Amino acid sequence: MKYAFILPHLNYKLEYDPTYIYVGVDRGAILALENKIPLTYAIGDFDSINDLEYNKLRQQVKTIINLPKMKDDTDTEAAIKHFNDGKEIEIYGGLQGKRVEHLYANLNLCFKYPHISFVDNYSKIKAIPKCLTINDNTYHFYSFFADEGSVISLKGFLYPLDNYVFKKYDNLCISNELDSKEAFISFKGKGIMIMSKKD
């Protein structure tokens, strides 16, 4: 199963892809309907929508999953756990807005659930496997961040690395660029997050 989650603060028009099952998360469900994205599910505590909007969801969404307002997980993490049959979850929205703590929490989710990625008009953010090959030109800038101490190697980049000891909170690997048609990333350790950005 491949899921596409729509979160609040979706700031661009999203093109519908029928190979995904679409899930609106909290207010993201309203944004999905406004963008003419047909939802199979809506999930959340829906504390950010009014009664009129909730009735609209009930009329247009096949299945609504109501979460309690008092809970340990964010709506986004609760949705990831609920749709645990997803081999791939692309999450749209959740990277802008005034709630910077939610942005930080969402970035943490990338390390916790490596099968998810956050996508917007400019960037894609996800944890990477132990090795990764990049051979397209969709993105121009690449930044890497370590969850815990790791050893990273980069080939085919403007700033290559060979078995660099990459510690948590180390900002050395920000805004790198491709230097060839094919680039390689490998690491040993707990986890590396990659942020890919277009021009």
Side-chain angles (χ1 to χ4, degrees), residues 1-128 138-139 143 145 147 191 193-198:
M1 292 288 196
K2 294 198 305 182
Y3 291 97
F5 288 5
I6 312 300
L7 267 59
H9 305 297
L10 179 70
N11 63 347
Y12 66 99
K13 184 171 178 56
L14 181 63
E15 295 296 328
Y16 176 70
D17 183 342
T19 63
Y20 284 86
I21 296 170
Y22 282 82
V23 179
V25 180
D26 205 70
R27 183 161 191 81
I30 295 296
L31 295 178
L33 297 182
E34 290 174 355
N35 278 268
K36 306 292 191 269
I37 298 294
L39 295 177
T40 304
Y41 302 97
I43 184 171
D45 58 24
F46 303 110
D47 60 354
S48 61
I49 68 174
N50 59 39
D51 291 342
L52 187 63
E53 290 170 325
Y54 185 76
N55 286 334
K56 184 178 179 181
L57 286 183
R58 291 179 62 187
Q59 293 168 11
Q60 298 189 42
V61 181
K62 181 178 179 181
T63 304
I64 296 178
I65 301 155
N66 289 284
L67 300 174
K69 289 182 171 56
M70 300 291 289
K71 57 186 181 301
D72 293 331
D73 296 328
T74 63
D75 287 336
T76 304
E77 185 164 12
I80 294 168
K81 288 180 176 179
H82 185 85
F83 296 97
N84 58 13
D85 60 334
K87 293 182 179 178
E88 179 183 342
I89 298 176
E90 288 205 340
I91 303 175
Y92 298 88
L95 298 179
Q96 289 82 28
K98 298 177 181 178
R99 300 290 299 275
V100 68
E101 70 275 21
H102 279 279
L103 168 61
Y104 190 84
N106 287 340
L107 296 179
N108 284 338
L109 293 176
C110 290
F111 287 121
K112 195 170 181 180
Y113 305 99
H115 63 299
I116 73 168
S117 57
F118 284 86
V119 183
D120 69 11
N121 240 4
Y122 312 102
S123 307
K124 184 170 187 175
I125 302 170
K126 64 177 296 175
I128 62 173
T138 303
Y139 298 97
S143 298
F145 300 91
D147 182 28
M193 181 166 58
I194 179 171
M195 295 186 178
S196 311
K197 191 173 187 306
K198 297 177 183 177

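In this text, all values refer to a predicted model and were calculated from it rather than measured experimentally.
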Practice problem: Sequence neighbours left out, what passes side-chain contact (heavy atoms from CB on, under 4.5 Å) with S123? Give chain and number order. | Solution: D120, K197
Quiz prompt | Over 12 non-hydrogen atoms of neighbours within 6.0 angstrom of NZ in K87 | solution = no
Quiz prompt | Evaluation steps, side-chain contact (heavy atoms from CB on, under 4.5 Å), between K124 and Y139 | solution = CA-CA 9 Å; K124 184 170 187 175; Y139 298 97; 3.4 Å; yes
Quiz item: Looking at side-chain heavy atoms only, is the closest gap between E77 and Y113 below 4.5 Å?
Solution: yes
Quiz item: Any side-chain heavy atom of M195 sitting closer than 4.5 Å to one from F145?
Solution: yes
Practice problem: Please lay out, stage by stage, how D75 and I43 fare under the test side-chain contact (heavy atoms from CB on, under 4.5 Å). | Solution: CA-CA 8 Å; D75 287 336; I43 184 171; over 6 Å; no
Quiz item: Could you give the distance from OH (Y3) to OG1 (T40), rounded to the nearest 0.5 Å?
Solution: 9.0 Å
Quiz item: Side chains of M193 and I128: does their closest heavy-atom pair fall under 4.5 Å?
Solution: no
Quiz item: How many angstroms lie between CG in D73 and NE2 in H82, if you round to the nearest 0.5 Å?
Solution: 13.0 Å
Quiz item: Out of V119, N121, I6, L31, which residue meets the side chain to side chain contact (heavy atoms under 4.5 Å, CB included) rule with L14?
Solution: I6
Quiz prompt | Steps toward side-chain contact (heavy atoms from CB on, under 4.5 Å) verdict (N35, Y16) | solution = CA-CA 9 Å; N35 278 268; Y16 176 70; over 6 Å; no
Self-check item: Sub-4.5 Å side-chain heavy-atom contact between L7 and Y92
Solution: no
Quiz prompt | Side chains of L57 and L33 in contact at under 4.5 Å (non-hydrogen atoms) | solution = yes
Quiz prompt | Side-chain touch M1/I21, heavy atoms, less than 4.5 angstrom | solution = yes
Quiz item: What is the distance from atom NZ of K126 to atom OG of S196, rounded to the nearest 0.5 Å?
Solution: 9.0 Å
Quiz item: If you look at every heavy atom in F118 and C110, which pair is closest and at what distance?
Solution: CD1-SG, 3.7 Å
Quiz item: Mind checking whether Y41 and Y22 have ring centres under 6.0 Å apart?
Solution: no
Could you list the donor-acceptor pairs under 3.5 angstrom formed between side-chain atoms of residues 44-54 and any protein atom two or more places apart in sequence or on another chain?
{"from": "D45", "atom 1": "OD1", "to": "D47", "atom 2": "N", "distance (Å)": "3.1"}
{"from": "D45", "atom 1": "OD2", "to": "K71", "atom 2": "NZ", "distance (Å)": "2.7"}
{"from": "S48", "atom 1": "OG", "to": "D26", "atom 2": "OD2", "distance (Å)": "2.4"}
{"from": "N50", "atom 1": "OD1", "to": "L52", "atom 2": "N", "distance (Å)": "3.1"}
{"from": "N50", "atom 1": "OD1", "to": "E53", "atom 2": "N", "distance (Å)": "2.7"}
{"from": "E53", "atom 1": "OE1", "to": "R27", "atom 2": "NH1", "distance (Å)": "3.0"}
{"from": "E53", "atom 1": "OE1", "to": "N50", "atom 2": "N", "distance (Å)": "3.0"}
{"from": "E53", "atom 1": "OE2", "to": "R27", "atom 2": "NH1", "distance (Å)": "3.2"}
{"from": "E53", "atom 1": "OE2", "to": "R27", "atom 2": "NH2", "distance (Å)": "2.9"}
{"from": "Y54", "atom 1": "OH", "to": "N66", "atom 2": "OD1", "distance (Å)": "3.1"}
{"from": "Y54", "atom 1": "OH", "to": "N66", "atom 2": "ND2", "distance (Å)": "3.2"}

Exercise. Only one of I91, I125, T76 passes side chain to side chain contact (heavy atoms under 4.5 Å, CB included) with I116; say which it is.
Key: I91
Quiz item: Are any side-chain N or O atoms of Y20 and backbone N or O atoms of F5, one a donor and one an acceptor, separated by less than 3.5 Å?
Solution: no
Quiz prompt | Presence of salt bridge, K2 and E90, under 4.0 angstrom | solution = no
Exercise. Go through the steps for L39 and Q60 under the test side-chain contact (heavy atoms from CB on, under 4.5 Å), then give the verdict.
Key: CA-CA 8 Å; L39 295 177; Q60 298 189 42; over 6 Å; no
